[in-house]
Amino acid sequence: MKIPKQTLAFLQESGGLARFAGRVFTEGLHPPFELSEFLRQCYLIGNKSLPLVGTTAFIMGLVLTIQLRPALLSYGVESELPYIVADAIIREIGPVITGLIFAGKIGSGIGAELGSMNVTEQIDAMEVSGTNPFRYLVVTRVLAATLMLPLLVLLSDAIAITGSFIGINIKGVMSFGLFTDEIFQFLDFTDVFPPLIKTFFFGFSVGIVGCYKGYTSSRGTEGVGRSANASVVIASMMIFLIDLIAVQITDLLGFN
Amino acid sequence: MTDMNIRNDEAPVIRIRDLSIAFGTHVVLDGFDMTLAKGEDLVVLGKSGSGKSVLIKCIIGLLSPDRGSIRVLEDEVTEMDHPALDRMRSRVGFLFQSNALYDSMTVRENLEFPLRRHWITLSQGEVDDMVMEALTNVGLAETVDLMPSELSGGMRKRIALARTLILKPEIILYDEPTTGLDPITSRGISDLMVEIADKYKTSSVIISHDMRCVERTSERIIMLIDGKCYRTGTYAEMSRSDDPAIMPFFQ
Ligand SMILES: Nc1ncnc2c1ncn2[C@@H]1O[C@H](COP(=O)(O)OP(=O)(O)OP(=O)(O)O)[C@@H](O)[C@H]1O
Ligand SMILES: [Mg+2]
């Protein structure tokens with residue numbers, strides 16, 4: 001039997017990515033740790049995506065509220081609008097939208113940066129200079145992406161809920177106290193934690209895909225563009241896949 | 001075995017025997033031999049794509065050959081583990097064909113990078129002195145806080161050279177140090193290379209197409225043709241050769 005070329009390429013790519021991810025654990029768990037580079041990456045990654053994440057979150061919260069209002073009104077449960085919007089944001093919209101923006105902004109950035117470092121032999125130069133480039137470049141970025149995305153999601157949830165509060169007050173009147181009471185009365189552990197856990201996986205996949213595509217990009221300048229592009233596409237696909245798996249697991253565990 | 005009787009400073013610093021490497025079916029080096037004596041400046045000449053960069057990447061351990069032996073400062077590179085490679089690399093400087101300056105770091109950070117090695121413990125004052133000494137050697141002390149993107153091509157080459165020199169290597173591998181530079185800058189770099197060789201008593205392997213640089217810096221030339229050491233001799237001997245494989249380089 002002959003395996004089609006695309007299937008083979010896909011399998012090779014997934015195998016390469018899996019081995020690369022394994023290396024992050026084997027190499028990342030031993031000293032020396034590149035602490036200052038890690039903190040610098042956390043700052044850069046958070047800082048770069050914050051404005052975009054904040055703006056989209058605000059708009060999502062506002063728009064969602066305005067659009068859901070008529071439907072809830074017709075069922076006579078308008079008072080539950082804060083909780084329904086907040087739950088949708090915390091469970092799905094916040095993590096996925098933030099994750100996708102993160103993939104677009106940070107995944108492509110990492111892919112292009114490491115890709116151009118590879119093409120211009122900067123990675124070889126680090127190796128020759130006695131610094132393990134995998135630890136210095138890859139482990140720090142993957143770790144920073146894994147930790148920063150959950151923080152960004154929490155922030156974007158808060159901003160989106162603020163947007164929702166403003167959305168409610170455009171058409172009606174509700175005090176902020178009542179608004180938060182409405183949300184926290186129904187919101188519990190199972191609404192908040194499973195989505196938060198999946199965002200660590202989202203962050204990890206954005207980091208690992210960007211690093212993999214950049215670090216192993218083919219030589220030449222068009223390789224840089226290709227690795228940036230592929231980073232976004234693959235990371236976005238992985239976010240949806242992980243989302244799909246996460247919902248099955250939480251469902252099985254009865255947390256839904 | 002006879003090496004043991006020879007005085008230490010006469011033993012070759014690099015000795016390559018039967019070096020072979022192929023990428024897939026594409027054979028690049030095929031039984032290449034080379035010896036670099038202590039203090040010697042050796043130029044490797046060959047067509048574009050003949051494997052010159054591959055050769056020095058094998059010497060520094062960035063590529064591992066399929067066959068053959070590479071002894072650098074008495075130790076076999078092909079058998080080194082990672083810590084041993086690191087030690088060897090701190091004694092051998094490598095100037096990349098593309099400079100390979102870190103473009104997210106300032107000139108100072110670029111030069112400090114080779115000093116990050118864990119067994120090197122220096123005070124900030126000592127580090128600053130080493131950075132300034134290396135920059136002064138290449139005549140660019142005033143660029144210390146600039147980014148590589150703010151420098152011209154010739155300046156970047158000299159900064160890359162300063163970064164290579166900062167650990168005072170015993171051997172320097174130059175990959176096309178003057179390619180793409182104007183004749184005057186190129187002349188300046190060649191002079192600098194000779195000056196460094198005299199000042200620090202380094203041995204060097206120089207890859208170059210620039211015949212003026214070759215004439216200025218070489219004590220001996222090796223012709224790399226078809227993956228082998230085709231011929232070796234001084235610049236004067238080679239330029240007089242009537243071998244059709246050698247002549248085109250000297251015209
Ligand atoms: N990592 C690699 N993977 C596959 N092939 C390679 C690799 N590195 C070099 N080659 C091949 O080896 C050959 C020699 O390359 P090398 O860079 O050593 O040439 P060169 O002699 O330095 O040429 P130039 O003067 O243009 O720099 C080329 O044909 C190149 O395609
Ligand atoms: Mg080359």
Side-chain angles (χ1 to χ4, degrees), chain A residues 12 23 26-27 30-45 47-48 106 109-141 144 210-211 214-221 223-224 228, chain B residues 23 53-54 56-64 72 77 80 82-105 109-120 148-149 153 156 159-167 169 171-173 175-176:
Chain A
Q12 265 167 356
R23 223 178 129 190
T26 50
E27 299 215 18
H30 300 288
F33 303 111
E34 304 284 359
L35 190 64
S36 64
E37 178 62 13
F38 164 69
L39 293 175
R40 201 176 74 91
Q41 285 306 322
C42 284
Y43 173 76
L44 286 177
I45 285 176
N47 204 26
K48 253 195 262 175
I106 302 302
I110 293 177
E113 189 191 8
L114 294 198
S116 70
M117 289 187 79
N118 190 14
V119 169
T120 55
E121 300 181 306
Q122 292 176 52
I123 294 182
D124 282 345
M126 286 194 174
E127 177 77 42
V128 170
S129 295
T131 292
N132 180 333
F134 195 87
R135 265 187 211 143
Y136 188 82
L137 298 171
V138 175
V139 175
T140 52
R141 279 168 178 75
C211 287
Y215 205 80
T216 61
S217 71
S218 55
R219 300 268 155 138
T221 28
V224 177
Chain B
F23 297 99
S53 299
V54 167
I56 57 170
K57 281 184 182 168
C58 286
I59 298 177
I60 200 82
L62 280 174
L63 290 171
S64 37
V72 175
V77 176
M80 284 182 190
H82 213 271
L85 269 177
D86 260 4
R87 301 240 159 221
M88 181 273 281
R89 287 168 179 164
S90 68
R91 299 169 69 188
V92 181
F94 192 108
L95 183 71
F96 283 87
Q97 187 166 358
S98 58
N99 298 333
L101 293 177
Y102 309 123
D103 36 39
S104 63
M105 302 181 199
E109 288 163 337
N110 263 283
L111 266 72
E112 285 174 356
F113 207 85
L115 306 175
R116 290 167 35 93
R117 288 182 164 85
H118 61 91
W119 69 85
I120 299 176
S149 55
R156 257 179 262 167
I159 297 296
L161 192 52
R163 187 178 66 183
T164 307
L165 295 176
I166 194 156
L167 279 175
I171 305 172
I172 306 180
L173 310 173
D175 198 346
E176 309 205 3

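Reminder, nothing fancy here: chain letters follow the sequence lines and each chain counts from 1.
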Report which part of B:Leu101 has an atom under 4.5 Å of a heavy atom belonging to chain A: side chain, backbone, both, or neither. backbone
Roughly how far apart are A:Glu127 CD and B:Asp86 CG, rounded to 0.5 Å? 7.5 Å
With a cut-off of 6.0 Å (strictly less than), are more than 12 heavy atoms of other residues, nucleotides or ligands near OH of A:Tyr43? no
Does a salt bridge link A:Glu121 with B:Lys57, judged by any charged N lying under 4.0 Å from a carboxylate O? yes
Could you check if a side-chain atom of B:Phe94 sits within less than 4.5 angstrom of a side-chain atom of A:Asp124, using non-hydrogen atoms only? no
May I ask you to test the A:Met126-B:Arg116 pair for a side-chain heavy-atom distance under 4.5 Å? no
Which residues satisfy the side chain to side chain donor-acceptor pair (under 3.5 Å) test with A:Gln122, sequence neighbours excluded? A:Thr120, B:Asp103
Is the gap between the ring centers of B:Tyr102 and A:Tyr136 under 6.0 Å? no
Exercise: identify the closest heavy-atom pair between A:Ser129 and B:Phe113: CB-CD2, 4.0 Å
Sequence neighbours excluded, the answer for side chain to side chain contact (heavy atoms under 4.5 Å, CB included) partners of B:Leu111 is B:Val107, B:Val131, B:Ala134, B:Leu135, B:Ile159, B:Ala162, B:Arg163, B:Ile166
